[in-house]
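The next block holds one structure in the form of structure tokens; read it before the comments.
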Amino acid sequence: MNPLKRIHYNAPVTLTFALISAGTLILAHFTDGASDRLLFMVYRSSWTDPLAYLRIFTHAIGHADLTHFLSNFIIILLVGPMLEEKYGPKLIIIIMVITAFVTGVLWIIMSPYSKLGASGIVFMLILLSSFANMQKGRIPLTLILAVVIYLGQEVMSFATMDGSSNIAYMSHIAGGICGALFGFMANSRDGYR
């Protein structure tokens, strides 16, 4: 049997997101970053520019370089498939789009700089994954630890940053909050195990 026939596209949302983001990274390389500035980077601009509305969402698929891309997608490729299986691809797409919107709008409101990358979605997935085995009347210790370790570290970093940092702590925090909210809502809607 052909070994390639055994490969299964097991997490369509996660894998498609990774492939599209890899494609934007390649495009940015060939356009010397112009495609990122035009389509895949969120920043304050005129609301008469129709692309400003698009960039609120598409900033999550742009990445500054290969290291930035890999640091986000190592986690996305590890956590995403499990969450797609638990919550379904449709809900994961909705949650990712909402998280991109929230982090994009917050960035425009609160920062004079530009931003691109999926780090808000990464933190959303990390917190959402902490709810995977939630049972009625119990708070998973993994959830508490994820909040303390991931969000606590980001809040501390955000509070002590000097303004010149290019790390989007605000997006990490907002993404983590989105993941926690979606986790609570999904588990209360579906019931607990």
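- What you find for A60 and A118 is that their closest heavy atoms are O-CB, 3.3 Å.
- Side-chain heavy atoms closer than 4.5 Å link hydrophobic residues (I, L, V, M, F, W, Y) into clusters, and following such links, even through other members, never connects L116 to L39.
- Shown here are the side chain to side chain donor-acceptor pair (under 3.5 Å) partners of T14, two or more places apart in sequence or in another chain: E84.
- Between the side chain of K115 and the main chain of G117, a donor-acceptor pair closer than 3.5 Å is present.
- The main-chain N or O of M41 is never found under 3.5 Å from a side-chain atom of S114 such that the two would form a donor-acceptor pair.
- By the 6.0 Å contact criterion, CZ on F30 is open, its count of non-hydrogen atoms from other residues, nucleotides or ligands being 12 or less.
- To the nearest 0.5 Å, atoms OG (S46) and CG (L51) are separated by 11.5 Å.
- A donor atom on one side chain and an acceptor atom on the other are found under 3.5 Å apart for R55 and S45.
- To the nearest 0.5 Å, atoms CD1 (I20) and CZ (F40) are separated by 9.5 Å.
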Discussion item. Evaluate F57 against V97 for side-chain contact (heavy atoms from CB on, under 4.5 Å), listing each step before the verdict.
Written reply: CA-CA 7 Å; F57 298 96; V97 168; 3.8 Å; yes

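- Contact detail for G120 and T99: the closest heavy-atom pair is O-CG2, 3.7 Å.
- Between M96 and M124 there is a side-chain heavy-atom pair separated by less than 4.5 Å.
- Here the side chains of F123 and I173 are not in contact, with every heavy-atom distance at 4.5 Å or above.
- Shortest non-hydrogen contact noted between R44 and M110 is NH2-C, 3.9 Å.
- Annotation for D36 and G62: closest pair OD1-CA, 4.4 Å, computed over non-hydrogen atoms.
- Tracing side-chain contacts under 4.5 Å through hydrophobic residues (I, L, V, M, F, W, Y), one reaches V42 starting from L27; they form part of the same cluster.
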Practice prompt. Could you walk me through whether L77 and L15 pass side-chain contact (heavy atoms from CB on, under 4.5 Å), step by step?
Written response: CA-CA 7 Å; L77 289 169; L15 291 168; 4.1 Å; yes

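- A cation-pi arrangement, defined by a distance under 6.0 Å to the six-membered ring centre and an angle within 45 degrees of its axis, is present between R37 and Y43.
- The minimum heavy-atom distance between S129 and V79, with the atom names listed, is CB-CG1, 3.6 Å.
- Remark: aromatic rings of Y113 and W107 are distant, center separation not under 6.0 Å.
- In summary, the aromatic rings of F73 and H63 are positioned with their centroids under 6.0 Å apart.
- Of the inter-residue distances, the one linking I98 atom CD1 with I121 atom CD1 reads 11.0 Å to the nearest 0.5 angstrom.
- Taking the ring pair (Phe, Tyr, Trp, His ring centres under 6.0 Å) definition, one finds that F131 meets it with F184, sequence neighbours left out.
- Residues Y53 and W47 are in side-chain contact: their nearest non-hydrogen atoms beyond the backbone lie under 4.5 Å apart.
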Practice prompt. Step by step, work out the side-chain contact (heavy atoms from CB on, under 4.5 Å) result for F182 and L91.
Written response: CA-CA 10 Å; F182 295 137; L91 185 59; over 6 Å; no

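- The OG atom of S21 sits 7.0 Å away from the CD1 atom of I76 when rounded to the nearest 0.5 Å.
- Separating the OG1 atom in T16 from the CD1 atom in I61 is a distance of 12.0 Å, to the nearest 0.5 Å.
- Under the 3.5 Å distance criterion, with hydrogens and angles disregarded, a donor-acceptor pair is assigned to the side chains of H59 and T103.
- Atom CG of residue L66 and atom CD1 of residue I26 lie 9.5 Å apart, to the nearest 0.5 angstrom.
- For the residue pair S171 and S119, the shortest heavy atom distance occurs at CB-OG, 4.4 Å.
- Sparse packing is recorded around CG of D32, with 12 or fewer heavy atoms of other residues, nucleotides or ligands lying under 6.0 Å away.
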